[in-house]
Engineer: 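Got a structure here, written out as structure tokens. Questions coming.
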Amino acid sequence: MKSFKIVPKAPSVSVKAAKGKLQVSMKAVGASGYQIAYATSSKGKWNYTMSGSSKTIKLSRNKTYYVKVRAYKTIDGKKCYGSYSSLKHVKTK
């Protein structure tokens, strides 16, 4: 008997800058939720937060941030993660 782990595809992501915050919206078919990773450098230390379909993250003003998102599906109480979206970068106002 073979078993398969079905995970969501990489989500489509929209990131908008505001005064000292980023507004992140994402969408993926079959996702239970999303994990958002953000950093001040594409190779720096990533910070993580969980979200539904959108999230506002309070950050420093006038800084460039890099954001990537992956969807997850909860199966038998465990989170099965899909792949990350493409890396987005945006400067806060």
Side-chain angles (χ1 to χ4, degrees):
M1 182 166 111
K2 292 184 180 182
S3 64
F4 297 93
K5 186 166 43 169
I6 309 296
V7 295
K9 287 185 174 183
S12 59
V13 178
S14 167
V15 182
K16 293 182 182 176
K19 285 187 179 180
K21 54 187 156 184
L22 294 177
Q23 296 171 329
V24 184
S25 301
M26 49 263 159
K27 185 176 182 180
V29 177
S32 301
Y34 301 91
Q35 182 185 48
I36 302 168
Y38 59 95
T40 55
S41 165
S42 61
K43 302 217 187 307
K45 182 179 182 293
W46 292 97
N47 298 300
Y48 299 94
T49 184
M50 302 303 246
S51 175
S53 61
S54 66
K55 175 96 174 176
T56 300
I57 306 169
K58 292 184 181 180
L59 301 166
S60 300
R61 294 183 71 180
N62 297 317
K63 260 189 151 175
T64 300
Y65 287 92
Y66 294 83
V67 179
K68 61 184 179 179
V69 179
R70 66 180 175 174
Y72 67 84
K73 185 166 183 71
T74 306
I75 301 171
D76 295 330
K78 287 188 168 185
K79 292 178 182 169
C80 297
Y81 291 96
S83 58
Y84 277 106
S85 65
S86 58
L87 195 62
K88 307 270 185 189
H89 67 280
V90 66
K91 186 173 182 177
T92 56
K93 296 180 182 177

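Bear in mind the structure is a predicted one, so any value in this text is a computation, not a measurement. Sequence positions, counted from 1, serve as the residue numbers for this chain.
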Engineer: Donor-acceptor pairs under 3.5 Å, side chain of residues 59-69 to any protein atom, not counting sequence neighbours: which ones?
Structural biologist:
| from | atom 1 | to | atom 2 | distance (Å) |
| --- | --- | --- | --- | --- |
| Arg61 | NE | Lys93 | O | 3.1 |
| Tyr65 | OH | Ser60 | N | 3.2 |

Engineer: Where the side chain of Thr74 meets the backbone of Ser32, is there a donor-acceptor pair that is under 3.5 Å apart?
Structural biologist: no
Engineer: Who else is in Ile6's hydrophobic cluster (ILVMFWY, side-chain heavy atoms under 4.5 Å, direct or via others)?
Structural biologist: Phe4
Engineer: Kindly state each residue pair satisfying side chain to side chain donor-acceptor pair (under 3.5 Å) with at least one member in residues 35-48, sequence neighbours excluded.
Structural biologist: Gln35-Arg70, Gln35-Tyr84
Engineer: Can you name the closest pair of heavy atoms from Pro11 and Ser85 and give their distance?
Structural biologist: O-CB, 3.6 Å
Engineer: Minimum heavy-atom separation for Ala31 to Pro8, with atom names?
Structural biologist: CA-CG, 4.3 Å
Engineer: Just to verify, what does Ser86 make a side-chain contact (heavy atoms from CB on, under 4.5 Å) with, not counting sequence neighbours?
Structural biologist: Lys88
Engineer: In the hydrophobic cluster built from side-chain contacts under 4.5 Å, what are the other members alongside Met50?
Structural biologist: Tyr72, Tyr81
Engineer: Under the rule for side-chain contact (heavy atoms from CB on, under 4.5 Å), what residues qualify as partners of Ser51, not counting sequence neighbours?
Structural biologist: Met26, Ile36, Lys55
Engineer: Any side chain to side chain donor-acceptor pair (under 3.5 Å) pairs touching residues 9-23, not counting sequence neighbours?
Structural biologist: none
Engineer: To check you understand the geometry: which heavy-atom pair defines the closest contact between Ala17 and Val90, and what is its length?
Structural biologist: CB-CG2, 3.7 Å
